[in-house]
2 protein chains.
Amino acid sequence: MDTLLKPAHTDLPASPRLDAGPDQRPDPNHADCRGVASVLSRVGDKWSVFVIMMLSDGPKRFNELKRMINGISQRMLTLTLRGLERDGLVTRTIFPTIPPRVDYELTDLGRGLQQPVKALGEWAIEHLSQIEAARTRFDARNEG
Amino acid sequence: MDTLLKPAHTDLPASPRLDAGPDQRPDPNHADCRGVASVLSRVGDKWSVFVIMMLSDGPKRFNELKRMINGISQRMLTLTLRGLERDGLVTRTIFPTIPPRVDYELTDLGRGLQQPVKALGEWAIEHLSQIEAARTRFDARNEG
DNA sequence: CTGCATCCCTTTCGATACTG
DNA sequence: CAGTATCGAAAGGGATGCAG
């Protein structure tokens, strides 16, 4: 029973320690590297971010999300939603109707996460041109 | 010459459109989904974030970074640094000495990115316990 | 409609060995 | 020291078919 819905973001693969070794100075940066990496992995997951975005304006149904993202397979959507549910970022509400209906909604935690993600997104939008310019420059230099 | 240092984050794999289909209403969220995903992918990359963190307090040398992160292979470090350099987030300065020395340093753009990343990291630290609790609860429910 | 299982291809990543 | 080349293992992820 552990074939499909496990390879998502089960946990942290092999969280390396940034402050490894005996030379452990009080660096304000390495705080909870493991935990940070955990959340960052989720944020870095394209689908998770998209789902969180889509859930901004209220609860959505499974196929509703699938249609909105339109490029995601139902496998990945299921996987993503399970991961988000597991982390307590979204709730899954089943309506025992026929046909069955399942609503997904952001929790308070999920809505909280949405803010820093949004900030990041806005930074991205604002500096995207610079990044793309840098990429073009780099690529031209590297293979031109 | 395209065997090792390409599979990093070359570009965007298959950026799906969130606003696909004819039903395209003016949602303030989908802004530049492709661009946002691009940056988010980088942020979601564990190694990229770690390198950016390590570069917070000034320039570092290759093996210096490798030692600090300690769990990253030199292949991934090279890959990560190339990606960051390509995006204009870090600079690579070569000192033609013997032995050779290469310094990596955050650009203004990189330092700018650091802020939202840090905000996200702080959110992560602050809510990590909730997330872990949710995970434990979910796992217990799912296999207990 | 929602969602799990299987097959299978692609990408990613670590280990290792080799240059300047 | 700072990379680069290659290989093999593993994970990611799509397509399809089936079940409640």
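Here is the naming used below: chain letters follow the sequence lines, and residue numbers restart at 1 for every chain.
Residues from residues 90-100 of chain B lying near DNA chain D, meaning a heavy-atom separation below 4.0 Å, are B:R92, B:P99, B:P100 in numerical order.
Between B:D45 and B:R42, none of the side-chain N atoms (NZ, or NE/NH1/NH2) sits under 4.0 Å from a carboxylate O, so this pair counts as no salt bridge. In this structure, A:R137 does not pair ionically with A:D139, as no charged nitrogen and carboxylate oxygen lie closer than 4.0 Å.
Rounded to whole angstrom, the span from the CE atom of B:M76 across to the P atom of D:dG3 amounts to 15 Å. The nearest whole Å value for the distance from the CG atom in B:L79 to the P atom in D:dA2 is 17 Å. Counting to the nearest Å, the P atom of C:dG3 and the CG atom of A:L77 are 8 Å from each other. In this structure, A:Q74 places its CD atom 16 Å from C1' of D:dG20, rounding to the nearest Å. Between the CZ atom of A:R75 and the P atom of D:dG17 there is a distance of 17 Å, given to the nearest Å.
The end-to-end axis angle of the helix from C:dC1-D:dG20 to C:dG20-D:dC1, rounded to 10 degrees and based on five pairs per end, is 40°.
In this structure, B:G58 and B:K60 approach most closely via the heavy-atom pair O-NZ, 3.4 Å.
Not a single donor-acceptor pair under 3.5 Å links the side chain of A:T91 to the backbone N or O of A:T107.
A cation-pi geometry, defined here as NZ or CZ lying under 6.0 Å from the six-membered ring centre and within 45° of its normal, does not hold between B:R92 and B:Y104.
Dashed line: the shortest gap from a side-chain N or O of B:R61 to OP1 or OP2 of D:dC1 is not under 4.0 Å. For C:dC1, the OP1/OP2 oxygens have no side-chain nitrogen or oxygen of A:Y104 closer than 4.0 Å. For B:R101 and D:dA2, the shortest distance from a side-chain N or O to OP1 or OP2 is not below 4.0 Å.
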If you apply the rule side chain to side chain contact (heavy atoms under 4.5 Å, CB included), what do you find for B:I94 with B:D103, and how did you get there? CA-CA 7 Å; B:I94 306 176; B:D103 273 20; over 6 Å; no
